[in-house]
Amino acid sequence: MKRLIAANWKMNVPPEGIEAWCHALTSLRFDDREIFVAPPFPFLSQIVDNLGTSGIATAGQTCSWTEHGALTGEVSPGMIRATGAKAVLVGHSERRASFGENDSIVARKLVAAASGGLTPILCIGETADERSEQKTAAVLERQLESVIPSIDSRGTRLVVAYEPVWAIGTGENATPDQVAEAHELIARLLGSLGWTDVPILYGGSVKPSNAGELAAVDQVSGFLVGGASLSSQSFIEIIRST
Ligand code: PEP
């Protein structure tokens, strides 16, 4: 399985500029890597153009749970697909915490994304309190078991990102042992739900200085990178050490 590295720009764009960022990425070759960039919606088409035939793909950061309707402000999976994007983040912890996305909304979005022709990158992970109360396994189990059965493994590609909430944007990454334990559990749970060979990414304060040791963990198929993806140079360093 190719290593997969995805950039999540959140509601930011790279200080060096979008064109310069894309140029830095497309002037190199990453033959044995699958790379995605998830910018804010208005930049998707421009980035698809800037990335050209490099093979680097784009992704939405979220999507609606339906294709059409009176849903002011929403963007459907089909609309994201029409920009040339190939994937979409679903259930990012910032969506869960700030926009009320619970497991049932996440399940609907997962179905919509898959039926709209996008690869869902399903984000799951426990909060600091849940970890300290030893609820990590129960949270991961609930977040997977309440949504995965809504999609069919035949004909759907799925990517899962383990993103402990306490590690996102804090500078404090999970340790390799914590990542190994969570990824093994996720792979086991996915297997029991009929999904094998699902790439499992780690996300949470990944940077050039920790990417190598985290990438060496068994079951880590790649990374979802927020802050450190805004600089093309640090993103490239992460890709190279993955
Ligand atoms: C993220 O937004 O998914 C993320 C992992 O952010 P950061 O790398 O900044 O922790």
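For ligands, and for the atoms within them, numbers begin at 1 and follow the listed sequence.
Salt-bridge annotation for Glu101 and Arg95: present, with a side-chain N of the basic residue lying under 4.0 Å from a carboxylate O of the acidic one. Taking a cutoff of 4.0 Å between a charged side-chain nitrogen and a carboxylate oxygen, Lys2 and Glu34 do not qualify as a salt bridge. Of the charged side-chain nitrogens involved, none lies within less than 4.0 Å of a carboxylate oxygen, so that Asp129 and Lys135 do not count as a salt-bridged pair. The pair Arg3-Asp32 does not meet the salt-bridge criterion, since no charged nitrogen lies less than 4.0 angstrom from a carboxylate oxygen.
Nearest non-hydrogen protein atom to atom 3 (O) of ligand 1 is Glu163 OE2, 2.7 Å.
Each of the atoms 10 (O) of ligand 1 lies under 4.0 Å from some heavy atom of Ala167. With ligand atoms numbered from 1 in the order given, ligand 1 contributes 1 (C), 2 (O), 3 (O) to contacts under 4.0 Å with heavy atoms of Asn8. Atoms of ligand 1 found under 4.0 Å from any heavy atom of Leu224 (numbered from 1 in listed order, with element): 3 (O), 5 (C). Which parts of ligand 1 touch Gly204 is read off a 4.0 Å heavy-atom cut-off, strictly below it: atoms 5 (C), 10 (O). Atoms of ligand 1 lying under 4.0 Å from any heavy atom of Ser205, numbered from 1 in the order shown and given with element: 7 (P), 8 (O), 10 (O). Counting the atoms of ligand 1 from 1 in the order shown, those under 4.0 Å from a heavy atom of Gly227 are 7 (P), 8 (O), 9 (O).
Between Phe235 and Trp21, the gap from one ring centroid to the other is short of 6.0 Å.
Closest approach of Ala24 and Gln233 over heavy atoms only: CB-NE2, 4.4 Å.
Inclusion of Gly226 in the set of residues having an N or O under 3.5 Å from an N or O of ligand 1 is warranted. Residue Glu94 has no nitrogen or oxygen atom sitting less than 3.5 Å from a nitrogen or oxygen atom of ligand 1, judged on distance alone. Residue-to-ligand polar distances keep Thr170 apart from ligand 1: every N/O pair is separated by 3.5 Å or more. At a 3.5 angstrom cut-off on N or O pairs, Gly169 counts as close to ligand 1.
For the side-chain contact (heavy atoms from CB on, under 4.5 Å) with Leu89, the qualifying choice from Leu118, Thr62, Asn8 is Asn8, the only one to do so.
Under the 3.5 Å distance criterion, with hydrogens and angles disregarded, no donor-acceptor pair is assigned to the side chains of Gln178 and Tyr202.
Between His92 and ligand 1 there is a heavy-atom distance shorter than 4.0 Å.
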